[in-house]
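Only one structure is covered here, and it is reproduced in the block below.
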Amino acid sequence: MSGRTIVVDYGIGNVFSVCNALREIGGEAELTGDLTAIRAADRVILPGVGAFARAMDALHAKGISDALRDFVATGKPFLGICIGMQVLMDRSSEFGDTEGLGFVPGSVERIASQSPSGQPLRVPHIGWAPLEASGGEAGDRWQATALEGADEAGEAVYFVHSYHCMPTDPTHRIAYVDYDGLEVTAAIRRDNITGLQFHPERSGKAGQQILQTFLTT
């Protein structure tokens, strides 16, 4: 890993577990909400758990949303995890309509309570599932992304969520999981921006591979 990696601290959930996961793979990251540090970073990771509106309120209140916008404009690698992925979208329907950062066109919608065949689905979606490539083979769709090599790890990743991202442009969705026939968005990418719905810090070997790839690209 080269350069300065910032894990954004904005008071929303699992920031320490992400930092610990980075240390386990030999990475170094600075946990901070300092706006100058975020703007000057070489890589930024935005974790988070909980409700979309609460996350957006925290980002706005601390001025971090503007700092993230400035960072993304540099073209340097940006990674959002869980709620940190969902806030990248235009808006979310969770507890009413809430505006997001708008980095990736589309919305965040509740996972359907029925499969395409009419079978009931448990929501929230909790557990381990293997990633599937959207619109092509993993080797092609995941090349030069944080998921490159994830198929070789051969393991499932861990999810816990009730809402998922629905990009306007289907090419921005690079991975999904098959939830009893329903395709649930697992990862998105647009330019230098990557979002992961699952928790790489809780996903064993596959999660470590994804974090390692992000730190070295």
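Position 1 is the first residue of the sequence; numbering continues from there. Since we're looking at a predicted model, the values are computed, not measured.
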Indicate if [X] and [Y] have the same hydrophobic cluster label, given that clusters are the connected sets of ILVMFWY residues with side-chain heavy-atom separations under 4.5 angstrom.
X    : Y    : value
V184 : I188 : no
I193 : V87  : yes
I6   : I83  : yes
F52  : L46  : yes
L121 : V177 : yes

Closer than 3.5 angstrom, by distance alone: can the side chain of [X] be matched with the main-chain N or O of [Y] as a donor-acceptor pair?
X    : Y    : value
T185 : H164 : no
Y179 : S115 : no
H161 : Y163 : yes
N192 : K76  : yes
E183 : Y176 : no
E148 : A144 : yes
D90  : G106 : yes

Problem set entry | CA sep, side-chain torsions, deciding dist, call: F214, T194, side-chain contact (heavy atoms from CB on, under 4.5 Å) | CA-CA 9 Å; F214 175 74; T194 300; 5.6 Å; no
Problem set entry | V8 and its side chain to side chain contact (heavy atoms under 4.5 Å, CB included) partner, picked from I45, L31, D34, V44 | V44
Exercise. Name the one of I210, L22, L79 that satisfies side chain to side chain contact (heavy atoms under 4.5 Å, CB included) with L215?
Worked result: L22
For this session: I would like to know whether F159 and F198 meet ring-ring contact (aromatic ring centres under 6.0 Å, His included); could you show each step before the answer?
Result: CA-CA 5 Å; F159 292 82; F198 56 93; 5.7 Å; yes
For this session: Show your reasoning for whether side-chain contact (heavy atoms from CB on, under 4.5 Å) applies to V123 and R110.
Result: CA-CA 9 Å; V123 179; R110 185 171 173 83; 3.4 Å; yes
Exercise. Between the side chains of R173 and S134, is a donor N or O closer than 3.5 angstrom to an acceptor N or O?
Worked result: yes
Exercise. Side-chain donor-acceptor pair under 3.5 Å between S107 and E109, yes or no?
Worked result: yes
Exercise. Is the CZ atom of R122 crowded by more than 12 outside heavy atoms at less than 6.0 Å?
Worked result: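 No, because the 6.0 Å sphere around CZ of R122 holds 12 heavy atoms or fewer from other groups.
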Exercise. Should we say atom CD of E99 is surrounded by more than 12 heavy atoms from elsewhere, each under 6.0 Å from it?
Worked result: no
For this session: Dump the intermediate steps for side-chain contact (heavy atoms from CB on, under 4.5 Å) on R4 and E28, then the final yes or no.
Result: CA-CA 8 Å; R4 186 184 189 188; E28 295 181 5; over 6 Å; no
For this session: Test V72 against R69 for side-chain contact (heavy atoms from CB on, under 4.5 Å), laying out the working first.
Result: CA-CA 5 Å; V72 165; R69 196 173 307 279; 6.0 Å; no
